[in-house]
2 protein chains.
Amino acid sequence: MARLSDIIETFLKEMLNDMHGTVEIQRNELANRFNCVPSQINYVISTRFTNDKGYYVESRRGGGGSISIRRFNIDCAGDYLMHIISAIGDSLSQHTCEVFINNFFDYEMIDVREASLMRAALSDKALVDVPMEKRDNVRASIMKNMLMSLTVL
Amino acid sequence: MARLSDIIETFLKEMLNDMHGTVEIQRNELANRFNCVPSQINYVISTRFTNDKGYYVESRRGGGGSISIRRFNIDCAGDYLMHIISAIGDSLSQHTCEVFINNFFDYEMIDVREASLMRAALSDKALVDVPMEKRDNVRASIMKNMLMSLTVL
DNA sequence: TTGTCTGACTATCTCTGACTATCATTATAC
DNA sequence: GTATAATGATAGTCAGAGATAGTCAGACAA
């Protein structure tokens with residue numbers, strides 16, 4: 001028998017196709033439709049709609065709350081970016097960042113302000129409170145998140 | 001389900017646009033129009049029209065009383081940025097970041113890509129490797145560095 | 001052993017209503 | 001007339017109910 005998580009995953013992906021890459025759902029409503037507990041929806045989202053797999057998820061609690069899922073744009077520059085993102089491992093030195101950013105700028109994937117923002121966020125100065133042994137991991141994570149954010153625009 | 005608060009917020013913001021940045025309302029009248037209790041109006045104002053978001057609110061009780069909302073005029077973006085930078089302490093929650101970024105965007109100090117980059121760099125997701133007790137410090141530091149980088153361009 | 005599913009507990013946001021504070025106007029006392 | 005009290009018309013506060021979503025440990029299934 002097919003797993004519920006797979007069914008829900010398929011349902012959401014079809015919805016994403018129909019809605020051109022963005023869906024907004026209510027957790028309880030969806031759980032109801034599939035006769036499961038609400039937290040199952042969290043499970044599906046956290047295992048199937050991760051950043052690594054090309055999705056962006058946001059949510060809001062409280063009355064009228066909801067969960068929104070966006071799919072990255074994998075075309076055009078996105079392709080190259082996705083390639084870079086997967087090439088970046090778990091660790092990234094400030095120097096390597098600099099090289100990346102200069103490249104992005106040279107290839108006109110980012111403008112001067114964007115480059116400046118990225119440099120600022122990834123600098124040792126900004127990360128001074130992060131313990132040395134973790135700093136390059138955090139830098140990699142920030143870099144990947146920033147690049148992913150550009151692929152959806 | 002659409003949130004009433006959002007509807008009222010939108011209504012007031014449209015009114016602000018039409019009236020060039022200043023509106024004067026009567027709490028009971030507005031509550032009546034939206035079929036809610038008067039204190040809901042206070043809720044909307046205190047969550048959506050805060051100082052941080054660039055609004056100034058005054059009110060008068062008693063017969064003929066009313067509430068007035070004014071939107072700040074941000075003439076010099078650089079000054080505003082410097083003001084924010086000095087106002088940011090050593091710690092900054094993700095939620096507060098969100099408010100700031102939306103603000104910068106509303107005032108056209110940053111564009112949609114820059115906003116997206118900033119959100120990505122400041123998100124809990126990007127900072128997951130930073131120990132919880134340090135995360136808000138690191139966030140404050142990244143935010144200040146990014147803002148500084150914008151002031152020099 | 002790993003991935004799936006559940007439910008109790010928690011966190012957050014919204015909305016409501018009872019109670020309080022303030023101001024303007026009118027009535028009353030002197 | 002003037003001072004004071006009463007009344008009515010506003011707005012403000014706050015605690016609690018309601019409506020969502022998130023987390024996590026443990027049961028269960030492939």
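Values reported hereafter were calculated over all heavy atoms of this structure, with side chains retained and with hydrogens, waters and symmetry mates removed. Reminder, nothing fancy here: chain letters follow the sequence lines and each chain counts from 1.
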What is the distance, rounded to the nearest whole Å, between atom [atom1] of [X] and atom [atom2] of [N]?
{"X": "A:Leu30", "N": "D:dA19", "atom1": "CG", "atom2": "P", "result": "20 Å"}
{"X": "B:Asn42", "N": "C:dA21", "atom1": "CG", "atom2": "P", "result": "16 Å"}
{"X": "B:Ile25", "N": "D:dT10", "atom1": "CD1", "atom2": "P", "result": "14 Å"}
{"X": "A:Asn28", "N": "D:dA19", "atom1": "CG", "atom2": "P", "result": "11 Å"}
{"X": "B:Phe49", "N": "D:dA11", "atom1": "CZ", "atom2": "P", "result": "16 Å"}
{"X": "B:Glu58", "N": "C:dC23", "atom1": "CD", "atom2": "P", "result": "13 Å"}
{"X": "B:Glu29", "N": "D:dA9", "atom1": "CD", "atom2": "C1'", "result": "14 Å"}
{"X": "B:Ile8", "N": "C:dT16", "atom1": "CD1", "atom2": "C1'", "result": "13 Å"}

Distance-only side-chain donor-acceptor flag, B:Asn145 / A:Arg119, under 3.5 Å: no
- prompt: Is the side chain of A:Glu114 donor-acceptor paired with the backbone N or O of B:Glu114 at a distance under 3.5 Å, no angle test?
  reply: no
- request: Inspect the contact between B:Arg33 and B:Glu29 and indicate whether a charged nitrogen and a carboxylate oxygen are less than 4.0 angstrom apart.
  value: no
statement: The contact string for nucleotides 3-13 of chain C, one letter per nucleotide 5' to 3', using protein heavy atoms under 4.0 Å with B, S and - for base, sugar-phosphate only and none, comes out as SBSBB---BBB
task: Would you please test A:Asp124 and A:Arg139 for salt bridge (charged side-chain N to carboxylate O under 4.0 Å, His left out) and show each step?
output: CA-CA 9 Å; A:Asp124 269 333; A:Arg139 201 176 345 247; 3.2 Å; yes
